[in-house]
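Working notes, structure below.
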Amino acid sequence: MNDRKIEWDVAEVLEYDYTYQYVPADRSDTTVDRLFSLRVRSCSSYYNNKIYIAKPSNINIKQIPLVGEFVLIYRTFNEQSTSNKWREGWYYVSSVDLQSSINENMLPGISDGLTQEQIDAIKPGKTFIRKSISPLQPYEGDVLIEGRMGNSIRFGSSVNTAYPTGYYYKNAEWVTPSTAGGDPIIVLSNGRKNLPSKQFIVEDVEQDASSLYLTSTQNLNKLTLTKQLTVHNGSFAGSQFVGVADRIILRAKTDIAVVDSEAGIVLNTPNEIYIGGEDASEPLAHGLVLQQILQLIVQAIAAGSTGPGGAPCVTNAATILSQISDLLPNLNSTKYKMTKT
């Protein structure tokens with residue numbers, strides 16, 4: 001194998017219609033071995049600002065840079081190389097953090113000395129929308145994956161040690177009974193409100209558009225329910241799976257859906273609950289009211305006698321019927337409904 005060294009460079013991302021496309025029919029020189037490639041211009045005088053096609057270094061984890069951003073690239077052998085012949089290609093590693101911006105880090109034109117008018121005409125892409133996105137507050141030891149539009153995954157932990165006075169940071173929205181700290185937590189957050197001037201922001205279980213928390217010992221003190229729990233409302237020291245969104249849908253495609261609990265299941269809503277479909281209209285019976293009605297009937301039968309010809313006679317029939325009539329309006333639930341079969 002050829003022992004040539006790997007060469008590195010920094011390059012500006014240029015407009016390239018084929019980055020997001022599968023093999024275009026009108027490009028005979030484009031192959032499936034160039035998926036997600038970029039058109040880039042070298043910033044090095046050594047390469048005379050040449051234009052190259054650079055492939056992603058990692059095909060499994062993709063962060064495709066925008067037009068006008070800069071990438072670290074390196075040159076090494078490509079897919080056409082053999083043990084006897086070295087063929088080269090360029091690969092991009094990651095975007096250069098020029099603006100410290102979560103959304104975009106464009107600085108177009110500096111690789112080719114464009115005029116300001118030409119620079120102003122450069123767009124980051126065909127569909128990309130520029131936004132002011134706040135970066136997440138990092139805590140020591142965290143691993144953060146942040147998208148460009150305010151979505152993220154945090155592999156973090158409980159932080160119970162106070163930072164020094166004057167140290168800029170924002171407190172986490174989760175707390176833990178453990179005084180030692182370091183208990184793991186995973187937070188998946190989507191759609192956060194943003195702060196000005198690239199200020200740090202922390203996930204907010206109530207303010208974020210949707211989120212998922214996998215805890216170990218932490219409690220989410222800001223989490224509110226439509227009906228506050230009175231029996232299970234204490235701090236919970238165990239792990240929790242907390243998902244919050246405007247609508248939640250769980251679907252089992254081919255088998256049953258199981259909700260399993262050792263302690264109990266609470267359907268916590270001030271509104272109606274439908275069983276069998278959203279058009280369910282058959283009200284469920286209130287168990288205690290039904291029990292009272294059945295008890296009155298049993299008592300009446302037990303206290304009665306047999307008349308001529310074996311006909312049953314009910315003692316105090318008028319009183320018992322009046323009691324049953326008073327209970328009947330309360331028999332059907334107005335909240336719980338099931339599909340009539």
Side-chain angles (χ1 to χ4, degrees), residues 1-44 46-99 101-112 114 119 121-131 133 143-153 155 188 190-191 253:
M1 173 64 75
N2 194 313
D3 60 354
R4 291 185 60 179
K5 296 180 180 179
I6 294 177
E7 299 176 71
W8 293 86
D9 196 6
V10 175
E12 179 181 346
V13 179
L14 306 177
E15 187 174 4
Y16 189 55
D17 288 338
Y18 304 108
T19 299
Y20 298 92
Q21 294 190 40
Y22 186 68
V23 188
D26 60 339
R27 287 292 299 271
S28 59
D29 62 328
T30 303
T31 71
V32 292
D33 296 320
R34 291 187 181 178
L35 294 178
F36 318 112
S37 294
L38 299 175
R39 184 168 172 259
V40 300
R41 181 189 289 116
S42 168
C43 293
S44 170
Y46 179 80
Y47 294 109
N48 297 318
N49 303 106
K50 288 184 178 179
I51 294 177
Y52 303 105
I53 301 299
K55 294 168 55 177
S57 178
N58 189 334
I59 194 65
N60 300 107
I61 301 177
K62 288 178 282 296
Q63 182 187 358
I64 301 176
L66 301 171
V67 175
E69 291 187 327
F70 287 77
V71 288
L72 183 65
I73 63 174
Y74 65 91
R75 183 165 65 176
T76 185
F77 58 87
N78 65 18
E79 74 284 355
Q80 297 177 353
S81 298
T82 68
S83 59
N84 299 320
K85 183 178 294 186
W86 178 289
R87 295 184 182 274
E88 296 176 323
W90 286 95
Y91 300 83
Y92 64 90
V93 179
S94 63
S95 299
V96 179
D97 181 15
L98 296 177
Q99 314 286 358
S101 171
I102 295 297
N103 184 248
E104 55 88 8
N105 283 277
M106 295 174 60
L107 193 62
I110 65 172
S111 66
D112 195 33
L114 300 182
I119 292 174
I122 295 176
K123 296 181 179 180
K126 298 184 183 302
T127 63
F128 183 82
I129 304 298
R130 287 175 169 174
K131 290 186 176 182
I133 302 296
V143 175
L144 303 178
I145 301 175
E146 296 189 64
R148 294 182 185 267
M149 298 298 179
N151 37 21
S152 60
I153 302 177
F155 298 89
L188 189 153
N190 182 60
K253 292 179 63 177

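- More than 12 non-hydrogen atoms from other residues, nucleotides or ligands lie less than 6.0 angstrom from CD of Gln99.
- With rounding to the nearest 0.5 Å, the separation of CG in Leu107 from CZ in Phe70 is 5.5 Å.
- For the pair Phe155/Ile145, a side-chain contact is recorded, criterion being any heavy-atom separation below 4.5 Å from C-beta on.
- In this model, no donor atom of one side chain and acceptor atom of the other lie less than 3.5 Å apart for Tyr92 and Ser37.
- Between Val93 and Ile73 the shortest side-chain heavy-atom distance does not fall below 4.5 Å.
- Counting all heavy atoms, side chain and backbone alike, Glu15 lies closest to Val67 at CA-CG2, 3.8 Å.
- Atom CG in Asn103 sits 8.0 Å away from atom CG in Leu66 (nearest 0.5 Å).
- Residue Arg87 holds its CZ atom at 14.0 Å from CZ of Phe77, rounded to the nearest 0.5 Å.
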*With side chain to side chain contact (heavy atoms under 4.5 Å, CB included) as the test, would you mind laying out the steps for Lys131 and Met149 before giving the verdict?*
CA-CA 7 Å; Lys131 290 186 176 182; Met149 298 298 179; 4.0 Å; yes

*Given Ile51 and Val40, is the side chain to side chain contact (heavy atoms under 4.5 Å, CB included) satisfied, shown in steps?*
CA-CA 6 Å; Ile51 294 177; Val40 300; over 6 Å; no

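- Atom OG1 of residue Thr19 and atom NZ of residue Lys62 lie 13.0 Å apart, to the nearest 0.5 angstrom.
- The two residues Glu69 and Met106 come nearest to each other via the heavy atoms CG-N, 3.9 Å.
- For Lys123, the NZ atom is loosely surrounded, since the number of other residues' heavy atoms within 6.0 Å does not exceed 12.
- In this structure the side chain of Phe128 reaches within 4.5 angstrom of the side chain of Arg148, judged on heavy atoms.
- Between the side chain of Asn58 and the backbone N or O of Asn60 there is at least one donor-acceptor pair closer than 3.5 Å.
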*Go through the steps to decide whether Asp17 and Arg39 satisfy the test salt bridge (Lys or Arg N to Asp or Glu O under 4.0 Å), and finish with yes or no.*
CA-CA 9 Å; Asp17 288 338; Arg39 184 168 172 259; over 6 Å; no

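- Side chain of Glu12 to backbone of Gly68: no donor-acceptor contact under 3.5 angstrom is found.
- Taking each heavy atom of Ile133 and Gly150 in turn, the nearest pair found is CG2-N, 3.7 Å.
- Nearest heavy atom pair, residue Asn78 against residue Tyr91, reads CA-OH, 3.3 Å.
- Under the rule for a salt bridge (charged side-chain N to carboxylate O under 4.0 Å, His left out), Asp97 has no partner lying at least two apart in sequence or in another chain.
- The main-chain N or O of Ser42 is found under 3.5 Å from a side-chain atom of Asn49 such that the two form a donor-acceptor pair.
- Atom OG1 of residue Thr127 and atom OH of residue Tyr20 lie 7.5 Å apart, to the nearest 0.5 angstrom.
- Pairing each heavy atom of Ser57 with each of Tyr74, the nearest pair is OG-OH, 3.1 Å.
- Annotation: side chain of Val71 is in contact with side chain of Val13 (closest heavy-atom distance under 4.5 Å).
- Looking at Leu35 and Tyr18, their side chains never come closer than 4.5 Å, going by heavy atoms from C-beta outward.
- Contact detail for Pro108 and Ile122: the closest heavy-atom pair is CB-CD1, 3.6 Å.
- Here Arg75 does not pair with Asp9 in a salt bridge; the nearest charged N to carboxylate O distance is not below 4.0 Å.
- For the atom pair Trp90 CH2 and Glu88 CD, the distance stands at 8.5 Å (nearest 0.5 Å).
- Atom CD1 of Ile59 is surrounded by more than 12 heavy atoms from other residues, nucleotides or ligands within 6.0 Å.
- Contacts of Arg130 classified as salt bridge (charged side-chain N to carboxylate O under 4.0 Å, His left out), with partners at least two apart in sequence or in another chain: Glu104.
- Under the salt bridge (charged side-chain N to carboxylate O under 4.0 Å, His left out) criterion, Glu146 pairs with no residue at all, not counting sequence neighbours.
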